[in-house]
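Shown next, in structure tokens, is the structure this report addresses.
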Amino acid sequence: SYGSVFTHAKAGMENVDRERVARVVYDATVGTPHHENETRKERATSKRIAAMKAKGQGMTKTEWETFGRRADERARAMERTRSGARKWLVVDMDGFYAACEELYDPALKSVPVGVAAGPSSVLTTANYVARKYGVRAAMPGFIAKKLCPDLVFVKPDFKKYVKASNESRGVFAQYNPDYIAGSLDEAYIEVTEYCEKHDTTMEAIAEEIRSKVKEATGGLTCSVGGGCSRRLAKVCSDFNKPNGQYILGTTRDDILKFLRDLPVRKMYGIGKTLERILNEFDIKTCGDLLAKRATMLALFTPKAFDFLLGIALGIGTECHPRETPEGSGGRKGVSKSETFKATADKAYLDAKMTELATEVALECQRLNLKGRMVAVKLKRSTFDVIQRQTTLAGPTNDVKTIVNSALRLMRNENSIGANMTLRLVGA
DNA sequence: TACATACAC
DNA sequence: CATGGTGTATGTA
């Protein structure tokens with residue numbers, strides 16, 4: 001249920017009193033519009049699960065056998081793409097924003113810290129002291145404060161993070177200038193050639209990177225994962241967090257052993273909803289996922305099945321995204337949105353939308369991009385999201401065209417004001 | 001194409 | 001009292 005959202009974190013929360021966290025979160029949120037909306041979404045997921053179960057129960061023994069055979073065939077086909085020849089490292093900074101703040105104010109190191117714009121907004125990061133209380137990223141400040149009354153709030157200061165990020169990237173570039181920046185605090189580095197040329201190993205490079213990053217940033221620690229694909233390196237980066245590393249062997253046996261007892265939720269792309277769905281079919285670990293591949297094939301879409309089977313077998317894209325047609329494309333959208341105190345004031349909403357749509361157009365111009373579609377996002381005070389979109393005559397980044405389209409889309413929603421107030425608009 | 005939802009950071 | 005912003009992918013109609 002919703003009460004468990006913050007207790008199934010991906011890292012650093014192993015010794016947290018989960019029951020207490022669940023209770024505090026529940027008590028603080030039950031009855032709020034946000035909680036109501038979460039409950040609504042959960043009911044929709046329940047419905048989806050029920051439909052999947054009904055579909056499964058309606059199938060004959062023969063049909064199941066066919067799915068079993070086809071799932072095995074798909075697994076064999078996927079096995080043929082396994083090579084294990086590449087070496088990928090993923091570097092992930094530990095509690096990045098909070099750690100940056102501690103560099104500038106070392107007194108913060110010994111107290112629980114949450115980085116957030118204000119005490120009632122959402123935390124971008126919590127330091128490891130705060131995490132012991134169950135405080136974590138994406139948690140609203142007022143709940144974090146209930147879990148940990150001594151929590152110190154620090155406002156985000158991106159100049160610090162960009163500086164530290166650039167310093168760490170200087171290190172990554174030594175191993176492969178073509179590293180992939182996942183975000184300010186995360187990078188994917190292919191070190192196949194570097195290992196070959198310098199006769200070294202992922203283990204040794206991981207050690208070097210951790211020490212050099214600490215040096216270059218003036219004391220920040222990071223965790224490193226290694227494996228033969230980006231997917232595996234990524235999970236491994238979390239395995240010995242913080243300030244640790246884990247390099248997974250590249251044989252099929254190494255990989256399947258590692259995955260057997262690994263909770264599915266640890267894998268990139270499996271969030272709380274998919275975790276819940278899989279749990280309903282008694283799938284908790286990647287090993288379970290492999291064992292139940294026939295069920296997955298029968299109940300999920302082909303794309304979702306391939307994604308899940310890839311996770312179960314530990315097979316992912318091994319090549320650099322630059323080597324694939326999709327990977328070489330540029331960005332696909334530009335957007336701006338803002339949350340405010342819920343209102344039905346049309347003049348206010350018009351002004352806000354105009355401002356945001358203008359920023360979008362200017363950003364497109366700055367990036368030298370043109371869009372074929374304008375979409376607006378409206379969030380009601382009840383937290384449900386409405387999206388409206390329109391396709392333009394041709395690609396544009398003209399301010400007037402984009403602003404007018406966005407305004408028209410929003411004004412079409414004539415229930416605004418009548419029985420609806422908004423807490424966010426975006427274009 | 002239009003819209004909603006999930007996910008990551 | 002009270003839950004962010006940006007970008008991507010996918011499912012469904």
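Letters A, B, ... mirror the listed sequences (proteins, then strands); counts begin at 1.
Proximity of Lys379(A) to Asp384(A): side-chain heavy atoms (C-beta onward) are nowhere separated by under 4.5 Å.
The interatomic distance linking Asp306(A) (CG) with dT10(C) (C1') rounds to 13 Å, in whole Å. In this entry the distance linking CG of Leu123(A) with P of dC9(B) reads 17 Å, nearest Å. Distance OH (Tyr97(A)) to P (dC9(B)): 12 Å, rounded to an integer number of Å. Distance, Phe383(A) CZ to dT5(B) C1': 17 Å, rounded to whole Å. Nucleotide dA9(C) holds its P atom 13 Å from the CE atom of Met373(A), rounded to whole Å. Here dA8(B) presents its C1' atom at 11 Å from CZ of Phe307(A), a figure rounded to the nearest Å. The distance between atom NZ of Lys47(A) and atom P of dA6(B), rounded to the nearest whole Å, is 14 Å. Rounding to whole angstrom units, CE of residue Met139(A) and P of dA2(C) are separated by 17 Å.
Salt-bridge annotation for Lys272(A) and Glu38(A): present, with a side-chain N of the basic residue lying under 4.0 Å from a carboxylate O of the acidic one. Using a 4.0 Å cut-off between a side-chain N of Lys or Arg and a carboxylate O of Asp or Glu, Lys53(A) and Glu280(A) qualify as a salt bridge. With salt bridges taken as basic N to acidic carboxylate O contacts below 4.0 Å, none links Asp288(A) and Arg260(A). Looking at Lys163(A) and Glu167(A), a side-chain N of the basic residue comes within less than 4.0 Å of a carboxylate O on the acidic one, giving a salt bridge.
Looking at the side chain of Thr339(A), the nearest of the listed nucleotides dG4(C), dC7(B), dC3(B) is dG4(C). Listed candidates were dG4(C), dA9(C), dT1(B). Nearest to the side chain of Lys332(A) is dA9(C). Counting only heavy atoms from C-beta on, Tyr268(A) has its side chain closest to dA8(B) among dC3(B), dT3(C), dA8(B). In the set dG5(C), dA2(C), dA4(B), the nucleotide with an atom closest to the side chain of Leu424(A) is dG5(C). Here dA2(B) is the nucleotide among dG5(C), dT3(C), dA2(B) with the atom lying nearest to any side-chain atom of Thr391(A). The side chain of Lys234(A) approaches dC9(B) more closely than any other nucleotide in the set dT8(C), dG4(C), dC9(B). Closest to the side chain of Thr273(A), from the set dC3(B), dA6(B), dT6(C), is dA6(B).
Applying a 4.0 Å cut-off to non-hydrogen atoms, the residues of residues 155-188 of chain A that approach DNA chain B are Ser183(A), Asp185(A), Glu186(A), listed by residue number. For the segment residues 345-364 of chain A, no residue has any heavy atom less than 4.0 angstrom from an atom of DNA chain C.
The nearest pair of heavy atoms linking Phe305(A) to Arg293(A) is CE1-O, 3.4 Å. The two residues Ala298(A) and Trp64(A) make their nearest non-hydrogen contact at CB-CZ3, 3.7 Å. Residues Ile143(A) and Ala28(A) share a closest heavy-atom pair of CG1-CB, 4.0 Å.
Close to dG4(C), at under 4.0 Å from its OP1 or OP2, lies a side-chain N or O of Arg423(A). At the phosphate of dT3(C), neither OP1 nor OP2 sits under 4.0 Å from any side-chain N or O atom of Ser120(A). Here Gln389(A) reaches the OP1 or OP2 of dA2(B): one of its side-chain N or O atoms lies under 4.0 Å away. A close approach under 4.0 Å does occur between a side-chain nitrogen or oxygen of Thr45(A) and OP1 or OP2 of dA6(B).
Within 4.0 Å of Arg40(A), counting heavy atoms only, lie sugar-phosphate atoms of the nucleic acid but no base atom. The residue Thr125(A) sits apart from the nucleic acid: no heavy atom pair falls under 4.0 Å.
Not less than 6.0 angstrom separates the ring centroid of Phe300(A) from the ring centroid of Phe307(A).
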For the pair Phe258(A) and Tyr246(A), evaluate ring pair (Phe, Tyr, Trp, His ring centres under 6.0 Å) and give the outcome as yes or no after the intermediate values. CA-CA 11 Å; Phe258(A) 175 79; Tyr246(A) 184 81; 5.4 Å; yes
Show the numbers, then the answer: is there a side chain to side chain contact (heavy atoms under 4.5 Å, CB included) between Met139(A) and Leu147(A)? CA-CA 11 Å; Met139(A) 180 178 272; Leu147(A) 285 169; 3.6 Å; yes
Report, one pair per line, the protein and nucleotides 11-13 of chain C atoms (nitrogen or oxygen only) whose separation is under 3.5 Å.
from	atom 1	to	atom 2	distance (Å)
dG11(C)	OP1	Thr301(A)	OG1	2.4

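Checking Thr32(A) against Val334(A), the closest nucleotide of DNA chain C that is more toward the 5' end is the one next to Thr32(A). Toward the 5′ end of DNA chain B lies the nearest nucleotide of Arg372(A), the other residue of the pair Arg372(A) and Asp384(A) mapping further downstream.
dT3(C) and dA8(B) have their P atoms separated by 23 Å, with the value rounded to a whole Å.
The backbone N or O of Met93(A) sits less than 3.5 Å from a side-chain atom of Lys241(A), completing a donor-acceptor pair. The main-chain N or O of Asp238(A) is never found under 3.5 Å from a side-chain atom of Ser223(A) such that the two would form a donor-acceptor pair.
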